[in-house]
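First comes the structure, then the notes that go with it.
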2 protein chains.
Amino acid sequence: MARTNRERTETTRLALIEAARALFVGQGYGDTSTPEIATAAGVTRGALYHHFVDKRDLFRQVLQREGEAVAADIEAVTPDRLSPREALLEGSRAYLDAMMVPGRTRLLLIDGPAVLGTAELQALDDATSARTLRQGLEQAGAGRGEVALDALAPLLAAAFDRAALAIDAGADAAETRAAMAWLLERTLKGANPDE
Amino acid sequence: MARTNRERTETTRLALIEAARALFVGQGYGDTSTPEIATAAGVTRGALYHHFVDKRDLFRQVLQREGEAVAADIEAVTPDRLSPREALLEGSRAYLDAMMVPGRTRLLLIDGPAVLGTAELQALDDATSARTLRQGLEQAGAGRGEVALDALAPLLAAAFDRAALAIDAGADAAETRAAMAWLLERTLKGANPDE
DNA sequence: TAACTTACAGACAGGCTGTATGTAAATGGC
DNA sequence: GCCATTTACATACAGCCTGTCTGTAAGTTA
């Protein structure tokens with residue numbers, strides 16, 4: 001079983017990231033130990049600390065993957081040919097769908113900000129879903145001339161996050177989605193889609 | 001200096017809670033140790049574990065106080081004689097003001113959910129600011145007949161939280177407050193204040 | 001005033017994090 | 001194709017932290 005170094009690295013890193021993800025989701029970051037993670041991944045702590053700076057770094061990489069997956073799901077349903085309004089609606093639905101993958105709300109919305117800090121999480125968000133929302137709102141002409149989009153967009157993003165959290169916590173999914181759609185519609189009301 | 005037991009207890013508990021608050025705010029829950037807290041409070045860990053079940057319990061009590069303070073500030077500016085709409089506007093402003101007390105956003109919005117879990121934090125919120133918002137929206141007739149208020153209210157609450165967080169993080173306070181007010185206004189548009 | 005309870009201090013037992021050291025396998029130059 | 005070097009790990013270690021247990025002085029109650 002001769003394996004190239006790159007293969008070994010890739011295998012080990014992936015095993016650690018997936019094992020860590022499962023444990024972080026199940027017990028939270030604070031209650032998950034590196035011995036646990038290493039054991040679950042089938043390696044020793046030596047391997048973990050060889051590939052990751054520390055426990056937080058491993059957590060960061062788990063979140064990176066998660067954020068990218070969400071962003072990919074959104075982009076998949078919002079091709080350029082859609083009108084801004086349609087793209088916004090479709091993207092919104094895709095976001096909530098994507099956040100239903102088990103553990104995502106906890107990782108990205110609960111433990112993430114606490115462990116990495118709001119600044120770093122914000123940066124991760126901006127690189128993925130938050131920016132597409134801001135762009136969508138801008139192109140749809142939301143709040144034009146009445147309110148600063150840079151201030152409004154994060155508020156709506158927070159509402160989306162909370163919607164995902166609520167559904168995850170057992171709230172009526174249909175009602176929650178409807179409420180979010182209603183809020184978005186109210187935001188867009190009176191905005192003309194193109195200049 | 002003969003002190004009654006009740007006095008001693010009260011003094012020690014308060015010292016621990018205030019010392020813990022300062023450290024939790026400054027370094028976060030995870031990076032704050034009980035030896036640090038005890039030293040800062042001028043007692044030993046023995047006292048801490050005598051008065052609190054564990055570190056989380058101490059954190060919970062810190063948050064309890066914090067939540068009550070926010071709720072008190074809101075109630076102070078929303079006497080019953082105000083119209084539902086006025087009360088909602090005043091309460092909103094008071095909420096954002098209250099959240100500007102240093103450390104509150106971190107305690108209540110970042111570390112709180114991660115350490116105590118969303119369920120417990122939700123309960124604390126419901127007992128304080130979240131319920132007044134829900135009542136305010138209901139009395140103002142928000143979304144009447146179009147959307148479930150139980151689903152809508154949390155989304156707006158989340159937007160408020162995010163507004164506080166953004167301002168705390170250095171965003172333009174006036175713009176952010178204006179955006180929040182705009183969102184609230186849009187939500188209320190078309191709702192007649194009384195049946 | 002004597003029995004009992006409360007408020008704490010100090011010691012102790014695991015467990016965890018990050019680092020340092022050692023080793024086998026892979027890689028790269030000659 | 002061989003040797004020097006780097007990479008990928010495993011193991012051992014030091015320091016800190018959490019929660020518990022034990023002991024003691026002060027306050028409370030009968």
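Predicted model only: the values in this text are computed from it and were never measured. Chain A is the first sequence line, chain B the second, and so forth, proteins listed ahead of strands; every chain is numbered from 1.
- Put simply, the side chain of B:Arg45 and the base of D:dG19 share a donor and an acceptor less than 3.5 Å apart.
- Proximity of B:Thr34 to the phosphate of D:dT18: a side-chain N or O atom is located under 4.0 Å from OP1 or OP2.
- Rounded to whole Å, atom P of C:dC8 lies 6 Å from atom NE2 of B:His50.
- When the nucleotides D:dC9, D:dG19, C:dC8 are ranked by their closest atom to the side chain of B:Ala47, C:dC8 comes out on top.
- Taking atom NE2 on A:His51 and atom P on C:dG18, their separation rounds to 17 Å, with Å as the unit.
- A distance of 12.5 Å separates CG in B:Leu107 from CZ in B:Arg65, rounded to the nearest 0.5 Å.
- If you take CZ on B:Arg106 and CE on B:Met99, they are separated by 13.5 Å, rounding to the nearest 0.5 Å.
- In the set C:dG18, C:dC16, D:dC17, C:dC16 carries the atom at the smallest distance from any side-chain atom of A:Pro35.
- For A:Arg8 and D:dA10, the CZ to C1' distance is 12 Å, given to the nearest whole Å.
- The pair A:Arg134-A:Glu138 counts as a salt bridge, with a side-chain nitrogen and a carboxylate oxygen less than 4.0 angstrom apart.
- Distance from the side chain of B:Tyr49 is smallest to D:dG19 among D:dG19, D:dC17, D:dA10.
- For A:Thr9, no side-chain nitrogen or oxygen approaches OP1 or OP2 of D:dT7 to under 4.0 Å.
- The closest side-chain heavy-atom distance from B:Met180 to B:Ser92 is not below 4.5 Å.
- Here B:Thr44 lies in heavy-atom contact (under 4.0 Å) with a base.
- Relative to the side chain of A:Asn5, the nucleotides D:dT18, D:dA8, C:dA9 differ in distance, and D:dA8 lies closest.
- Counting to the nearest Å, the C1' atom of D:dT18 and the CD atom of B:Glu36 are 14 Å from each other.
- A:Arg3 has its CZ atom 13 Å from the P atom of C:dA25, to the nearest Å.
- A residue-by-residue look at B:Arg6 and A:Thr12 shows that A:Thr12 has its nearest nucleotide of DNA chain D further toward the 5' end.
- In this structure, the CG atom of B:Asp54 is 17 Å from the P atom of D:dC17, given to the nearest Å.
- Contact annotation for B:Thr32: backbone-only contact, meaning every heavy-atom pair under 4.0 Å involves sugar-phosphate atoms and none involves a base.
- B:Glu10 has its CD atom 12 Å from the P atom of C:dC8, to the nearest Å.
- Electrostatic pairing of B:Asp126 and B:Arg131 does not count as a salt bridge here, judged by no charged N lying under 4.0 Å from a carboxylate O.
- At C:dC16, one or more side-chain N or O atoms of A:Ser33 fall inside 4.0 Å of OP1 or OP2 (strictly under the cut-off).
- Per the geometry, CD belonging to A:Glu7 stands 12 Å off P belonging to D:dA8, to the nearest Å.
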